[in-house]
Amino acid sequence: MELEIRSLIKNYGKKQALKGLSVTLTEGVYGFLGPNGAGKSTFMNILTGNLKATSGQIFYNGEDIGKLGREFRGVLGYMPQQQALYPNFTAAGFLSYMAALRDMKKERAKKRIPEVLSQVGLSEVAGDKIRSFSGGMKQRLLIAQAVLDEPKILVLDEPTAGLDPKQRIAIRNLISEMAAGKIVLIATHVVTDVESVANRILLIREGELLADSSREELTASL
Ligand code: ADP
Ligand code: ADP
C-alpha cells in the first residue's frame with residue numbers, strides 16, 4: 001500500500017498554502033506536525049476531496065485519487081475536529097447516519113456499529129445523546145466514525161484538541177490500537193500527540209516539508 005503526494009500546490013488567491021509538497025507514505029503512523037497556518041487543513045481537504053489542488057497529484061497504489069473518486073473515498077476514514085458532531089444524535093444514531101452517508105450496506109452497518117462502539121469504549125452510552133458527552137467521549141466517537149468502514153487510510157485532524165492529559169493518553173493509545181495495517185496520518189500542532197505514536201514525523205511549515213524524520217530522530221533533536 002502506498003500513498004504518493006507529488007508536488008502539491010494550493011493557492012488561495014495570492015496566498016500559497018502548499019508550495020509543492022512531495023512525500024510518499026506506506027503502512028505506518030505519520031505525524032503531520034506544524035503550527036497553525038502551516039497548510040495541514042488544506043492538505044487534508046485535498047486528500048478527502050473537499051478541495052481541489054492548484055497543481056500536483058496524489059496517487060493511491062499508483063492511481064490518481066482524482067480518477068479513483070468514490071473508490072478512493074471508500075478506503076479513506078477521516079476524523080474531523082469536534083465541531084462536526086450533532087448534539088441531538090445518540091452515539092449509535094450518529095454512526096448509523098454516517099454509515100448511510102458512506103453508502104454502507106444496512107447489514108454491514110448493523111454489525112460494525114456495535115463493534116466500533118466497543119472498540120472506543122462507548123458501548124454503555126450508545127443510546128445517550130452526544131450533548132451529554134465529555135470532550136474525550138466525543139473524540140472517541142469521532143474516531144469510531146472514522147474507522148466504521150474499515151479504512152486503509154485514516155486521517156485524524158487534531159485528535160486530542162481540548163482534552164486533558166489523561167484523555168490525551170487514552171486517545172493516543174486508541175490510535176495505536178487502530179493503526180495496524182493502515183496508513184495513519186495525524187495532523188497536529190502538538191508534539192506530544194505524535195512523538196509516542198508516530199513512526200515518522202513530517203514537519204510542515206508555511207506549506208513546505210521542513211523535515212521527515214523517525215520518531216527517535218525527532219525526540220533526539222528536541
Ligand atoms: P493549518 O491547518 O496548518 O492551520 P491551513 O491549511 O488552514 O493551515 O492554512 C494554510 C494557509 O492558508 C494559512 O495561511 C491560511 O490562513 C490560508 N488559508 C486557508 N484557507 C484559506 C482560504 N479559504 N482562503 C484564503 N486563505 C486560506
Ligand atoms: P484549522 O484550525 O483546521 O486550520 P481554521 O479555523 O484555520 O481551520 O479555518 C477554518 C476555515 O476557514 C477553513 O475552511 C479554512 O480553509 C478557512 N480559512 C482559514 N484561513 C483563512 C483565510 N485567511 N481566509 C479565508 N478563509 C480561511
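Residue indices begin at 1 and follow the sequence shown. Order of listing sets the numbers, starting from 1, for every ligand and every atom in it.
For ligand 1 and Ala38, the ligand atoms under 4.0 Å from any heavy atom of the residue are 1 (P), 3 (O), 8 (O). Per-residue contacts place Pro35 under 4.0 angstrom from the following atoms of ligand 1 (heavy atoms of the residue considered): 3 (O). The Ser41 neighbourhood of ligand 1 comprises atoms 1 (P), 2 (O), 6 (O), 7 (O), with distances under 4.0 Å to a heavy atom of that residue. If you number the atoms of ligand 1 from 1 as listed, the ones under 4.0 Å from a heavy atom of Asn36 come out as 4 (O).
Using a cutoff of 4.0 Å between basic side-chain nitrogens and carboxylate oxygens, Asp157 and Lys40 are not scored as salt-bridged.
Summarising the geometry, atom CD1 belonging to Ile175 is positioned 7.5 Å from atom CG belonging to Leu154; distances are rounded to the nearest 0.5 Å.
Screening residues 3-17 for salt bridge (Lys or Arg N to Asp or Glu O under 4.0 Å) gives Glu4-Arg6 as the qualifying pairs, with residues at least two apart or on separate chains.
Relative ring orientation between Tyr97 and Tyr86 is described as perpendicular, the plane-to-plane angle rising above 60° on a 0-90° scale split at 30° and 60°.
Heavy atoms of Lys40 found under 4.0 angstrom from ligand 1 belong to the backbone as well as the side chain.
Not a single ring pair (Phe, Tyr, Trp, His ring centres under 6.0 Å) links Phe94 to another residue, sequence neighbours left out.
Heavy-atom separations between Gly39 and ligand 1 include at least one value shorter than 4.0 Å.
For Ala17, no nitrogen or oxygen atom sits less than 3.5 Å from a nitrogen or oxygen atom of ligand 1, counting backbone and side chain alike.
Judged by distance alone, with hydrogens and angles left aside, the side-chain atoms of Asp64 form no donor-acceptor pair with the main-chain N or O of Phe59 at under 3.5 Å.
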